[in-house]
Protein chains: 2
Amino acid sequence: MVKITDVARHAGVSPSTVSYALSGKRPISEETRQRIEASIRELGYRPHAGARALASSRSNVLALVVPFRSGIHVPVVMQFAVSVVTTARQHDHDVLLLTQEEGEEGLRRVADTALVDALIVMDVQLHDARLPLLRALDRPSVLIGFPAEPAGLTCIDLDFAAAGGACVTHLAELGHRCVALVGSPPEVYLRRTGFAQRVTQGFTAAADERGLTSTVHPCEATPAAAQAMAERLLREHPELTGVVVHNEPVVQPLIDAFRRLGLRVPEDLSVVAICPDELAEQAPLPISSVAVPSARIGARAVELLMRKLDGLEVPEATMLPPWLTRRATTAPRT
Amino acid sequence: MVKITDVARHAGVSPSTVSYALSGKRPISEETRQRIEASIRELGYRPHAGARALASSRSNVLALVVPFRSGIHVPVVMQFAVSVVTTARQHDHDVLLLTQEEGEEGLRRVADTALVDALIVMDVQLHDARLPLLRALDRPSVLIGFPAEPAGLTCIDLDFAAAGGACVTHLAELGHRCVALVGSPPEVYLRRTGFAQRVTQGFTAAADERGLTSTVHPCEATPAAAQAMAERLLREHPELTGVVVHNEPVVQPLIDAFRRLGLRVPEDLSVVAICPDELAEQAPLPISSVAVPSARIGARAVELLMRKLDGLEVPEATMLPPWLTRRATTAPRT
DNA sequence: TCTCGTAGTCGAAGCGATTCGACTGGATCA
DNA sequence: TGATCCAGTCGAATCGCTTCGACTACGAGA
């Protein structure tokens, strides 16, 4: 293994000079820097991560805690993870993958052993057991999703309330008067996950404000449940002409089910989803939707963390505004 | 931060004794060990990961390189990643997440900086550009998937050829005489990814051996492509009564398409998939399938790596035998 | 002319663990 | 009874890098 002293000798300088040339923490003459860089290239030098971490008390590694349980759309998680890794690399950091299962002990472990400099936690519950720990930890963290009491934490997410509202507004502007929200599976509500409730709030508030009739229905993430839901909606709400779906796996099955029941989409029934753009675009009939911008959230989360690591102030709450794209599943009420 | 010298002082022993008590590399009297453990608990000591890595030249971190591009079923990747993390934790290791994008440079970086002790590489191509590097690296690795020339590497995967064969055998035993394989998207074949070709080989060989008529059709991973494929198959192969599908997103759409074309499944047409069990089980009509056991492969990959890290010999090739579960989409030919 | 600040560099002291060799005091064996 | 071995412990060296304080030389300001 080639080490910093080898480089130093080869370049005719001291090890500390090499270190400073690399980090830029002290001025080094252009000429010396050139010589050092040449030596590094020639010898193929790579600083030892452990040694660096020990000496600088910075590991340049971020922890990413991913959820893995029912009611969570896997591709969204994956896309998020990839964007975190990509963005972290742009800031010269790596990403350690932790599962939700490891729980608080896992967080404490990677923080206390100085294995990571900072943490990103996904799928935060309204009353998440990890919150006190995250507040107490000596390492910065960013949460994806908003707990009930976000004070003292840094949180980021799509503004789900506004997203729910945007869907209603879109339908209302198309003339619809009776709308329904098909939401996440019941267990997601039971876990009291923030985003599910926020969508509901935004949806209901917007509907009330505009004087629309509205109902809310949690729904299992299976085609069978979608079919049942479609039948029930038509039976219980004959007036229904607009549906908002916030449950990725069910979007397409639900549309299919309505069709099977004799309704034309969008002529008889308009459907708006809250889902990733790819899903909406790739559907047989492209779906009008509010994007769930996982990649952007991931990138932003990393940037917030970097700023915190640099000792800068960051906003406690970052809500990304919803962006609705009208595609082929919504039309004026006839 | 509490360090090993603090523990040593508190327990009335030397730092090295604490270290040996922790690692078990030298005998420590029961009584002393107790005392040390008590001190550790009381002080809340956690060994510093960087210091440990520096002194022992072991980081206890594995690299996991995940693919993220078209034609790859995301939930499979995710499930795999989670099982790798879980198994690694059982062996006291953590997992660093890398994306395919980082390429060879990324692998070299984490290996040369001693950030990781070993690597797991997914989605290996037949002539993967990373193979020479992996062979040359001073760190052990395990590949998921088989390249054309696996000598000198450790590879593991489902035995896809046998899986393709098992599907044909199953159909043949039910009396089917004309079968088709609906495979991965064309780009997967173009990339010359091993598993796609192996399924084809196993499928064709088994069909030939049993004297069945067989055809092979790559297929885009969209419902529209599934519909077109179903139409084409019926048009070109009126005799067709058995279909093998190796393309997760298309399984259900294809079955739906056949139904729309007036065929009953399984009465008129039997369908077997090669896909994760969850997908097969959760379908409206549970699908007969050969499981893609991502979780088991992930766990096994980690175990192989651990053995290599311990300096033990491991087999160069590990092929998990296919396991076919008959569910509701296959029936005897009528 | 004398200070003073600054660019550029060096040497040495850590950072917090692991590990190797050496030491001690019984128990074992001939 | 002396030689030998082993369990149990300690001290010191080491891992490879960062960083702090010091030093030199030089130009600017007074």
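Atom set for the values below is all heavy atoms of this structure, side chains included, hydrogens, waters and symmetry mates excluded. Letters A, B, ... mirror the listed sequences (proteins, then strands); counts begin at 1.
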Is it true that a side-chain atom of Arg46(A) and a backbone atom of Asp112(B) form a donor plus acceptor pair closer than 3.5 Å? no
Judged by nearest nucleotide, the residue sitting upstream toward the 5' end of DNA chain D, Val13(B) or Ser16(A), is Val13(B)
inquiry  = Applying a 4.0 Å non-hydrogen cut-off, can you work out what Ser29(A) is touching in the nucleic acid: base, sugar-phosphate, or nothing?
reply    = sugar-phosphate
Residues in residues 35-63 of chain B with a heavy atom under 4.0 Å of DNA chain D, by number, are Leu54(B), Ala55(B)
**OP:** Salt-bridge test for Glu42(B) and Arg35(B): reply yes if a basic N is under 4.0 Å from a carboxylate O, no otherwise.
**Re:** no
Which of Arg307(B), Lys308(B), Glu316(B) passes side-chain hydrogen bond (donor to acceptor under 3.5 Å, both in side chains) with Thr154(B)? Answer is Lys308(B)
Note to self: Checking side-chain polar atoms at under 3.5 Å, does Thr86(A) have a donor or acceptor matched by the opposite partner on Ser83(A)?
What the structure shows: no
So, the side chain of Asp128(A) versus the backbone of Arg130(A): is there a donor-acceptor pair under 3.5 Å, distance only? yes
ask   = So, are Lys3(B) and Asp6(B) salt-bridged, with charged N and O less than 4.0 Å apart?
value = no
The helix from dT1(C)-dA30(D) to dA30(C)-dT1(D): angle between terminal helix axes, five bp per end, to the nearest 10 degrees, reads 40°
Tyr20(B) OH to dG16(C) C1', in whole Å, measures 16 Å
What about Arg26(B): does its side chain form a donor-acceptor pair under 3.5 Å with the base of dT19(C)? no
Salt-bridge criterion met for Glu303(A) and Arg296(A) (N-O under 4.0 Å) | no
Any sub-3.5 Å donor-acceptor pair from Arg135(A)'s side-chain atoms to Ala151(A)'s backbone N or O?
yes
Query raised in the report: When we call it a touch if two heavy atoms are under 4.0 Å apart, what does Thr5(B) touch: a base, just sugar-phosphate, or nothing?
Result: nothing
Salt bridge Glu102(A)-Arg109(A), side-chain N to carboxylate O under 4.0 Å: yes
Footprint ends on DNA chain D, 5' to 3', for atoms under 4.0 angstrom from a heavy atom of chain A, come out as dG16(D) to dA22(D)
Rounded to whole Å, the NZ-C1' distance (Lys3(B) to dT18(C)) equals 16 Å
In terms of heavy-atom contacts, Ala88(B) and Leu62(B) come closest through CB-CD1, 4.1 Å
For this session: Would you classify Ser23(A) as touching base, sugar-phosphate or nothing, given that sugar-phosphate means primed atoms plus P, OP1 and OP2, and contacts are heavy atoms under 4.0 Å?
Result: nothing
Main chain of Asn60(B), side chain of Asp117(B): is a donor-acceptor contact present, judged purely on distance under 3.5 Å? yes
